[in-house]
S.K.: 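What follows is a structure written as structure tokens; I'll ask about it next.
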Amino acid sequence: MADQTAANGESTIRYDFRAVEARWQQRWEAAGAFTVVEDPARPKYYVLEMFPYPSGRIHIGHVRNYTLGDLVARYKHALGFNVLHPMGWDAFGLPAENAAIERGVHPARWTWENIATMRGQLRGMGLSYDWQREITTCAPDYYRHEQKMFLDFLDAGLAYRRESWVNWDPVEDTVLANEQVIDGRGWRSGALVEKRLLSQWFLRITAYAEDLLAATAQLERWPERVRLMQHNWIGRSEGALIRFPVSGRDETLEVFTTRHDTLFGASFCAIAANHPLAADLAARDPELAGFVAECNRMSTSEAEIERAEKRGYDTGLVALHPFVDGLELPIYVANFVLMEYGTGAIFGCPAHDQRDLEFARAYDLPVLPVVLPPDADAGGFAIGDEAWTGPGSIYNSRFLDGLSIDGAKEAMSLRLEQTGHGARSVTWRLRDWGVSRQRYWGCPIPVIHCPACGVVPVPDSDLPVTLPDDVEFGEPGNPLDRHPTWKHTSCPACGGAATRETDTFDTFFESSWYFARFCDLAEDSAFGREAARYWLPVDQYIGGIEHAVLHLLYSRFFTRALRRSGYLDIDEPFAGLMTQGMVCHETYRDGSGWLFPDQVRRQSDGTVVTVDGGTPVEVGRVEKMSKSRRNVIDPEAIIASYGADTARLFMLSDSPPERDLEWTEAGIEGAFRYLNRLWRSVVELACVAPPHGSPRPGRISAEAQELERRIHKTIRAVGESVERWRFNSSVAFIRELSNALAAAPLSGPGEAWMVRHGYEILLRLIEPMTPHIAEELWERLGGEGMLRLVAWPSFDEELVADELVSIAVQVNGRLRGTIHAPRDSSEEAVRQSALEVSNVQRYLDGAEPRRIIVVPNRVVNLVV
RNA sequence: GCGGACGUGGUGAAACCGGUAGACACGACAGACUUAAAAUCUGUUUCGCAUGCGCGAGUGCGGGUUCGAGUCCCGCCGUCCGCACCA
């Protein structure tokens with residue numbers, strides 16, 4: 001039926017992208033063109049784009065991300081790889097609960113409706129996904145498997161429970177995420193947020209800290225900056241633990257330091273506000289308790305900490321210096337010491353640490369320099385407003401005197417170990433991953449709390465633990481906890497009355513293993529081991545830089561944990577990673593605030609006014625598209641007015657993938673015009689050129705032969721630029737070929753044949769970018785079968801190398817002329833013709849060149 | 001503060017190994033077609049001077065290495081990103 005429409009005159013000439021795109025999407029589906037099965041006989045390639053959160057509609061960042069992935073998937077498929085290219089939904093999360101509270105929609109219904117909408121939008125883009133492998137993380141057939149994983153991690157000692165601080169909103173009676181705390185207050189209630197200790201589940205990611213760090217160096221196909229960010233996040237520090245006796249108490253104060261070389265410059269100790277010693281003292285000291293409470297209030301927001309001055313509270317206790325008899329170091333509770341790092345206690349050496357110096361000046365503590373800068377003199381050197389953190393030799397330090405910093409660290413470590421005052425130690429910035437969330441719309445944590453037996457895992461046979469549907473929102477607290485019956489159960493161990501865990505998993509849990517689930521949607525296991533062995537690791541992962549640390553690090557950890565529990569045979573989930581840049585747009589505002597792009601119009605003189613009122617609009621800088629600045633473009637509107645192929649082409653055209661892309665109306669129109677031109681050229685050619693498969697004519701004009709060289713050079717250039725991820729260059733090469741084909745003569749011997757050949761090649765090259773129009777034009781040119789099934793073209797080495805090359809002639813490195821010579825001419829011949837160029841002779845001015853450098857086929861430089 | 005990336009026409013950019021800077025586009029200008037506009041097609045478009053071929057300058061700024069530097073090295077300026085009272 002569709003073919004008959006295509007055959008009628010009107011639509012033959014006009015590029016009717018709606019009809020074309022709908023037709024090919026149907027055909028691909030009917031043919032199962034993107035369905036994939038494991039095939040050990042063929043090399044595999046797994047392309048994965050980060051799956052979206054179903055927020056309601058796709059945004060332009062998705063369009064870019066998925067266009068990039070589809071190009072890679074289709075290109076690799078054309079090269080003969082067995083390509084796995086799946087898509088799914090990261091479907092648990094806070095926005096669904098917000099919708100429930102704000103609009104009274106059940107999170108499940110809201111989520112599933114959003115998925116339906118967004119799936120339709122993605123289908124409209126013509127992406128080559130195997131939709132039979134679609135996964136949705138909020139479905140019990142997905143999350144049951146991660147409940148099992150958690151129980152396996154529990155067995156392996158990789159999951160444990162301990163108390164941890166959370167942001168507590170006392171009005172809503174609920175835990176807040178950091179992003180829900182704004183200026184120290186709950187985002188909805190406006191109440192001052194408190195810190196509360198709750199028992200929570202953790203995954204022992206720190207057990208793999210060393211391994212995760214070491215392996216980042218092997219991730220060769222990852223962007224350097226992502227590796228660096230992970231490196232910094234894991235944050236390995238080598239140093240020493242030092243135990244200071246505390247005067248008048250039995251316990252010692254344990255301190256971690258990386259500057260044990262400066263121990264003789266210590267003048268105080270400081271502990272974190274929630275250090276056990278501080279808590280102990282605060283119980284009998286209301287003023288200290290007040291200070292501790294104050295520190296707890298500010299510690300969530302980094303900006304707040306930054307602005308805060310360094311403050312402390314003198315506990316009255318003193319620590320005894322391990323090597324200086326009688327030297328007493330006052331112990332402060334200080335707002336700049338973190339309980340989460342090291343031991344939550346430091347010794348302060350003001351002369352060689354800027355924070356310690358500021359603290360010492362504020363509290364009038366001694367500043368004794370122990371590192372002498374290279375050209376300073378021991379008698380005159382003193383610390384002013386800036387601590388000395390550079391190199392130098394140690395002095396004022398007894399057995400360390402005269403040593404370098406590194407030498408002193410080594411000597412001090414030895415002495416600490418010999419005397420029992422301390423030991424070498426390595427500390428990590430990385431902390432264990434807290435996975436408990438006090439929320440409804442997440443995967444239930446499959447354990448039961450029994451008053452007699454304690455924490456008891458839910459037996460495998462009772463999995464999955466599913467969420468109840470009948471929950472109430474809008475009331476304070478966690479709906480699961482409030483539910484009248486759900487949490488009440490019996491203990492699997494003793495049979496007595498018990499309660500379910502009402503916390504759910506952090507949603508990073510689901511995204512930490514979804515890539516493996518795509519390999520095989522098994523019912524009775526998370527994924528089949530054989531399928532995982534065939535497909536994993538992901539060959540190319542593509543997504544936003546915002547996931548550079550957490551999601552990617554958690555997935556790397558999960559893969560190791562799954563290996564330990566016998567699920568997998570690999571360590572690293574993503575062999576190649578590409579982080580794409582953001583999509584940006586100009587911003588507009590008038591007196592009333594930010595304006596949407598479709599509320600403004602650009603006049604012929606370049607000024608911008610509002611569409612309705614004609615009032616002037618201020619054009620702001622180009623920024624990442626965001627709802628708050630209203631500089632957003634709706635992909636659906638773009639696809640409706642230009643088509644998916646145009647949107648895809650523009651996404652690839654102007655900037656390389658890792659760089660930010662500026663969305664412009666002019667840019668999308670340029671892409672649209674190009675596809676229209678291509679359409680017209682091919683449809684018109686189809687009427688005059690010899691049919692597809694006609695034998696190559698015996699006689700071919702010189703122009704047509706030149707065109708053939710151009711065609712083969714384009715095949716090479718597009719292939720190489722795609723391999724190098726320079727898709728903007730690939731588009732440029734294709735457009736160059738288009739220009740050459742449009743300008744080529746058709747009447748001479750073999751010319752029409754060659755132009756048809758050129759367009760057939762061009763369609764094969766452009767198929768990964770704009771697949772619908774490529775398929776349609778391929779068919780109209782009489783191409784055999786679906787273009788999807790046609791292999792990537794190869795080029796002829798002979799045709800790619802020019803017979804005649806142009807060589808630059810320089811005098812003293814400056815361009816003075818150009819000569820043409822047969823490729824690979826002898827140096828002598830090139831030298832001779834260079835000297836004959838009249839302009840060159842002018843510059844030589846009769847002088848004999850002192851030296852002549854010949855770079856074959858490129859350049860001759862005459863030095864005088 | 002620490003770490004990193006980047007800086008090329010009016011704009012997005014290209015130049016892969018040090019070898020003819022500005023491919024391909026967008027925009028602008030001129031012309032063709034048209035009663036007219038849009039669309040389409042053709043041409044010009046780094047800057048300055050000449051405007052005929054030419055001459056000079058030019059890849060953030062200053063220096064260096066080299067026959068030759070957008071590319072390598074040193075110093076500076078600027079923009080963006082990440083991390084951070086991390087002991």
Side-chain angles (χ1 to χ4, degrees), chain A residues 223-233 235-237 239 255-260 262 270 299 302 305-310 334-338 340-349 352-356 358-359 389 427-430 545-546 548-549 582 606 622 650 653-656 658-671 673-674 676-677 680 717 720-721 723-724 726 728-739 742-743 806-819 839 849-864:
Chain A
E224 185 57 41
R225 62 173 175 154
V226 174
R227 282 153 58 176
L228 190 73
M229 280 159 78
Q230 296 218 344
H231 185 99
N232 292 338
W233 187 266
R236 184 179 196 274
S237 307
V255 157
F256 174 76
T257 181
T258 55
R259 290 304 303 271
H260 35 309
T262 64
S299 62
E302 289 163 11
I305 289 170
E306 179 132 1
R307 268 183 264 117
E309 60 172 321
K310 282 148 201 66
N335 64 355
F336 63 93
V337 178
L338 297 177
E340 292 79 13
Y341 189 80
T343 60
I346 64 161
F347 78 78
C349 175
H352 305 293
D353 183 287
Q354 192 59 32
R355 288 155 306 159
D356 294 351
E358 285 170 31
F359 191 80
T389 53
T427 288
W428 305 85
R429 183 186 178 279
L430 183 68
I545 188 72
E546 66 272 20
V549 177
M582 297 179 299
V622 174
F650 176 57
S653 293
D654 272 0
S655 299
E658 69 278 7
R659 211 177 302 180
D660 286 353
L661 173 81
E662 188 191 344
W663 180 279
T664 59
E665 196 67 17
I668 188 83
E669 279 180 359
R673 275 203 301 270
Y674 171 71
N676 275 284
R677 219 178 310 141
R680 269 196 311 275
E720 283 178 359
S721 55
E723 293 286 348
R724 282 168 45 226
R726 306 310 285 245
N728 52 331
S729 295
S730 315
V731 172
F733 295 131
I734 288 174
R735 292 182 79 138
E736 267 184 313
L737 179 58
S738 287
N739 294 343
S806 77
I807 297 175
V809 183
Q810 301 174 334
V811 179
N812 289 334
R814 308 186 72 93
L815 182 68
R816 297 303 178 193
T818 316
I819 56 173
N839 200 32
R850 219 180 42 187
R851 202 177 149 193
I852 300 179
I853 289 120
V854 178
V855 181
N857 300 325
R858 298 213 87 134
V859 79
V860 185
N861 193 8
L862 309 164
V863 187
V864 290

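Per chain, numbering begins at 1; letters A, B, ... match sequence-line order. The figures here come from the full heavy-atom set of this structure, side chains too, leaving out hydrogens, waters and symmetry mates.
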S.K.: Where do N or O atoms of nucleotides 37-42 of chain B meet protein N or O atoms at under 3.5 Å, pair by pair?
M.R.:
from	atom 1	to	atom 2	distance (Å)
B/C41	OP1	A/Arg677	NE	3.3

S.K.: If you check the A/Val863 side chain, which of B/A21, B/C67, B/C86 turns out closest?
M.R.: B/C67
S.K.: Would you say B/A23 has OP1 or OP2 under 4.0 Å from some side-chain N or O of A/Asn728?
M.R.: no
S.K.: How would you list, by chain and number, every residue that makes a side-chain hydrogen bond (donor to acceptor under 3.5 Å, both in side chains) with A/Ser237, sequence neighbours excluded?
M.R.: A/Tyr341
S.K.: I want to check one thing: is the phosphate of B/U20, taken as OP1 and OP2, less than 4.0 Å away from some side-chain N or O of A/Arg814?
M.R.: no
S.K.: Suppose you measure atom P in B/G75 against the same atom in B/G82; what distance do you get, rounded to whole Å?
M.R.: 26 Å
S.K.: Pairing check on B/A57: which nucleotide meets the Watson-Crick or G-U wobble criteria with it, both distances under 3.5 Å?
M.R.: B/U46
S.K.: Would you tell me if any nitrogen or oxygen in the side chain of A/Arg726 comes within less than 4.0 Å of OP1 or OP2 on B/C16?
M.R.: no
S.K.: Indicate whether any N or O donor in one side chain lies under 3.5 Å from an N or O acceptor in the other, for A/Tyr674 and A/Ser738.
M.R.: yes
S.K.: Report yes if a side-chain nitrogen or oxygen of A/Asn861 is closer than 4.0 Å to either non-bridging phosphate oxygen (OP1 or OP2) of B/G19; otherwise report no.
M.R.: no
S.K.: What integer number of Å spans the C1' atoms of B/G22 and B/C47?
M.R.: 13 Å
S.K.: Does the side chain of A/Arg858 get closer than 4.0 angstrom to OP1 or OP2 of B/G18 through an N or O atom?
M.R.: no
S.K.: On RNA chain B, compare the nucleotides closest to A/Ser806 and A/Arg724; which residue's is nearer the 5' end?
M.R.: A/Arg724
